[in-house]
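So that the names make sense, note that chain A is the first sequence line, chain B the second, and so on, each numbered from 1.
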Amino acid sequence: MANDKSPDKITPRAEDYSRWYLDVIRQAGLAEPAEVVKGCMVIKPHGYAIWEKIQRALDDRFKETGHQNAYFPLLIPESFLKKEAEHVEGFSPELAVVTHAGGQKLEEAYVIRPTSETIIGHFFAKWIQSWRDLPLLINQWANVMRWELRTRMFLRTGEFLWQEGHTAHASHEEAVEEVKRMLKIYAEFAEGHMAMPVVCGVKTESEKFAGAVQSFCIEAMMQDNKALQAGTSHDLGQNFGKAFDVKFQNKEGNQEFVWQTSWGVSTRLIGGLIMTHSDDNGLVLPPKLAPVHVAIVPIFGKGGDEAKVREAGASIEKELKAQGLAAVFDTREHKPGFKYFEWEQKGVPLRIEIGPRDVDANQVTVKDRLATAKETWPRAGLGERVKAYLDTFQNTLFERARKRMNDNTVRVDTWDDFKSVFAGENSKFVMAHWDGTRETEAKIKEELKVTVRCIPLDAPEEPGTCVLTGKPSSRRVLFAKSY
RNA sequence: CGGGGCGUAGCUCAGCCUGGUAGAGCGCUUGGUUCGGGACCAAGAGGCCGUAGGUUCGAAUCCUAUCGCCCCGACCA
């Protein structure tokens with residue numbers, strides 16, 4: 001029995017948003033703190049199953065667009081990081097360094113990769129000689145480590161899983177095209193699979209990747225109206241080409257540095273997924289990423305009823321699986337109510353109850369993860385109906401999230417309005433004018449903890465004046481508090 | 001790295017002030033009765049009280065050191 005004191009309750013969002021977030025993760029069995037390893041987490045089977053679905057969907061898109069997977073070492077010579085000035089400056093505070101191995105101090109320390117631009121640059125230099133070797137389109141699925149002072153499960157942990165694409169091109173135009181292509185893939189994945197609407201944009205100088213010429217990103221709005229950077233795609237220009245001497249002979253016979261890109265999404269996406277859809281009852285998952293689509297819960301009833309309920313449940317499971325759906329017939333020794341709570345907390349999109357009364361009436365009782373009331377559906381044609389319903393549900397989640405984002409995106413023109421939107425812990429997506437200087441950005445960040453999340457790609461030209469300084473601006477940018 | 005908090009059963013915690021040899025709820029095991037929104041009864045298992053010293057006849061409790069974790073700030077996918 002669960003009373004108010006038991007630790008398996010989910011704190012309501014309105015009461016304490018970060019407690020809620022952690023409670024959802026715990027109750028859904030997604031992950032838990034690694035405890036004995038600072039700032040790290042254990043991704044549990046249900047959480048990892050979601051990651052595998054994310055991997056599968058993205059990997060397919062990467063392959064379709066001509067990329068190949070490869071794997072580079074976890075350990076990177078310390079000197080490599082130092083070859084690109086901005087890169088080392090950006091990453092050195094969060095590096096974990098291996099100084100000893102085999103019982104001896106190493107001649108040169110290794111850093112545990114925080115990202116792989118440098119070591120991949122080293123190998124690209126060996127692999128690329130001619131324009132015929134380009135473009136070189138590589139992706140790596142890997143773990144990386146960034147020693148963060150303050151961690152939150154999935155959103156920021158010492159070690160995390162991701163994919164990092166690394167490509168080399170013969171021209172800047174071609175590289176920029178790649179950067180935008182991959183950003184688009186991220187956006188389509190976020191919206192189409194995660195049902196998480198995003199704003200595509202360009203990072204400002206101070207927010208861009210250390211070592212990039214320009215960083216593109218997708219930004220999503222969480223339920224507390226804070227922004228989450230959900231994916232990035234970088235135009236590296238020739239910065240790493242020059243640092244690692246990655247040259248090719250062009251068609252004119254001249255040596256030229258390659259133009260590189262890198263792009264990545266991480267297990268942070270799971271954090272975004274949680275904070276986009278979940279509610280006070282636990283996780284809510286879009287069908288396209290749900291490891292289990294349908295939980296079938298039997299109600300066994302009086303003695304003689306059990307056999308027919310078992311049979312009916314098994315046949316439903318079989319029919320749903322024939323539709324390509326992940327269905328679980330939950331015959332564990334628990335009360336039905338217990339199972340309802342559990343599957344709800346795990347975010348299963350649809351639940352089907354089957355009891356003696358349903359069997360007798362040739363029907364099932366159905367409840368989707370967001371519904372407040374149950375419905376009765378005929379048993380006949382159930383497989384098709386469920387499959388179609390899940391598509392609708394996927395769409396419902398997306399529309400719901402998009403409405404929330406739109407409703408909380410506002411245009412602001414005065415500094416007073418700007419301050420009131422961000423008063424206290426409040427945030428929104430604020431479209432406002434900015435004079436484009438690092439100083440103004442820093443002042444706003446200092447005063448309100450608000451940053452320019454990005455300059456949206458679809459922001460129209462619109463003359464105006466900076467919300468803080470009153471200096472001229474040519475377009476609005478996206479401001480928000482962020483994770 | 002600054003400020004705060006906490007280490008006692010699988011989990012959440014009480015006990016510590018005022019030393020006397022280990023507790024609760026949940027969870028777990030077994031048996032039975034149950035099953036349309038977190039079942040009930042009964043019987044059990046489970047802890048050298050973070051670690052190392054010290055004080056004492058005696059330490060979860062007092063002292064010292066140490067390690068770890070969480071929260072709040074400065075940095076970040």
Checklist line | 5'-most by nearest nucleotide on RNA chain B - A/Arg150 or A/Pro93 | finding: A/Arg150

Note to self: Go nucleotide by nucleotide along RNA chain B from the 5' end; which of A/Leu149 and A/Lys208 gets its closest nucleotide reached first?
What the structure shows: A/Leu149

Length of the [atom1]-[atom2] vector between [X] and [N], whole Å:
| X | N | atom1 | atom2 | answer |
| --- | --- | --- | --- | --- |
| A/Arg19 | B/C70 | CZ | C1' | 12 Å |
| A/Glu342 | B/A39 | CD | P | 11 Å |
| A/Glu148 | B/A74 | CD | C1' | 13 Å |
| A/Ile25 | B/C11 | CD1 | C1' | 18 Å |
| A/Met153 | B/C70 | CE | C1' | 12 Å |
| A/Gln229 | B/A77 | CD | C1' | 6 Å |
| A/Arg369 | B/G37 | CZ | P | 18 Å |
| A/Arg113 | B/A77 | CZ | C1' | 15 Å |

Item checked: Point-to-point distance, once rounded to the nearest 0.5 Å, from CE of A/Met222 to OG of A/Ser482 -> 11.0 Å

Check: Between A/Glu219 and A/Lys203, does at least one N-O distance fall below 4.0 Å, as a salt bridge requires?
Finding: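 A/Lys203 and A/Glu219: salt-bridged.
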
Check: Between the side chains of A/Trp20 and A/Ser18, is a donor N or O closer than 3.5 angstrom to an acceptor N or O?
Finding: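 Result is no, nothing qualifies.
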
Checklist line | Distance-only polar pair, side chains of A/Arg453 and A/Thr451, donor-acceptor under 3.5 Å | finding: yes

Next item on the list: Kindly state whether the pair A/Phe338 / B/G37 counts as stacked, where counting means centroids closer than 5.5 Å and planes tilted less than 30° apart.
Entry: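 The ring of A/Phe338 is not stacked on B/G37.
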
Reckon [X] touches a base, only the sugar-phosphate, or nothing at all at heavy-atom distances under 4.0 Å?
| X | answer |
| --- | --- |
| A/Ser18 | nothing |
| A/Lys367 | base |
| A/Arg351 | base |
| A/Gln345 | base |
| A/Thr232 | nothing |
| A/Glu94 | sugar-phosphate |
| A/Gln163 | nothing |

Check: Taking the P atom of each, how far is B/G20 from B/U61, in whole Å?
Finding: 11 Å

Next item on the list: Take atom C1' in B/G46 and the same atom in B/A24, then report the distance between them in whole Å.
Entry: 15 Å

Check: What does B/G73 pair with, Watson-Crick or G-U, if both distances are under 3.5 Å?
Finding: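 Per the H-bond distance test, B/C1.
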
Check: In Watson-Crick or G-U wobble terms, both distances under 3.5 Å, what is the partner of B/U51?
Finding: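 Base partner found: B/A65.
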
Note to self: Can a donor-acceptor pair be found, under 3.5 Å and without considering hydrogens, that links the side chain of A/Arg385 to the backbone of A/Trp377?
What the structure shows: no

Margin query: Please check: side-chain N/O of A/His277 versus main-chain N/O of A/Ala195, any donor-acceptor pairing under 3.5 Å?
Written below: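 Yes, because the side chain of A/His277 sits within donor-acceptor range (under 3.5 Å) of the backbone of A/Ala195.
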
Which atoms of nucleotides 30-36 of chain B (N or O only) lie under 3.5 Å from a protein N or O atom, and what are those distances?
from	atom 1	to	atom 2	distance (Å)
B/C35	OP1	A/Lys302	NZ	3.3
B/C35	O4'	A/Lys335	NZ	3.2
B/G36	OP1	A/Lys335	NZ	3.4
B/G36	N7	A/Arg357	NH1	3.2
B/G36	O6	A/Pro356	N	3.3
B/G36	O6	A/Arg357	N	2.6
B/G36	O6	A/Asp358	N	3.3
B/G36	N1	A/Asp358	OD2	2.6
B/G36	N2	A/Asp358	OD2	2.9
B/G36	N2	A/Thr365	OG1	2.9

Item checked: Quiz item: cation-pi between A/Arg152 and A/Tyr21, 6.0 Å / 45° -> yes

Next item on the list: I would like to know whether A/Ser262 and A/His234 meet side chain to side chain donor-acceptor pair (under 3.5 Å); could you show each step before the answer?
Entry: CA-CA 5 Å; A/Ser262 69; A/His234 312 292; 4.6 Å; no

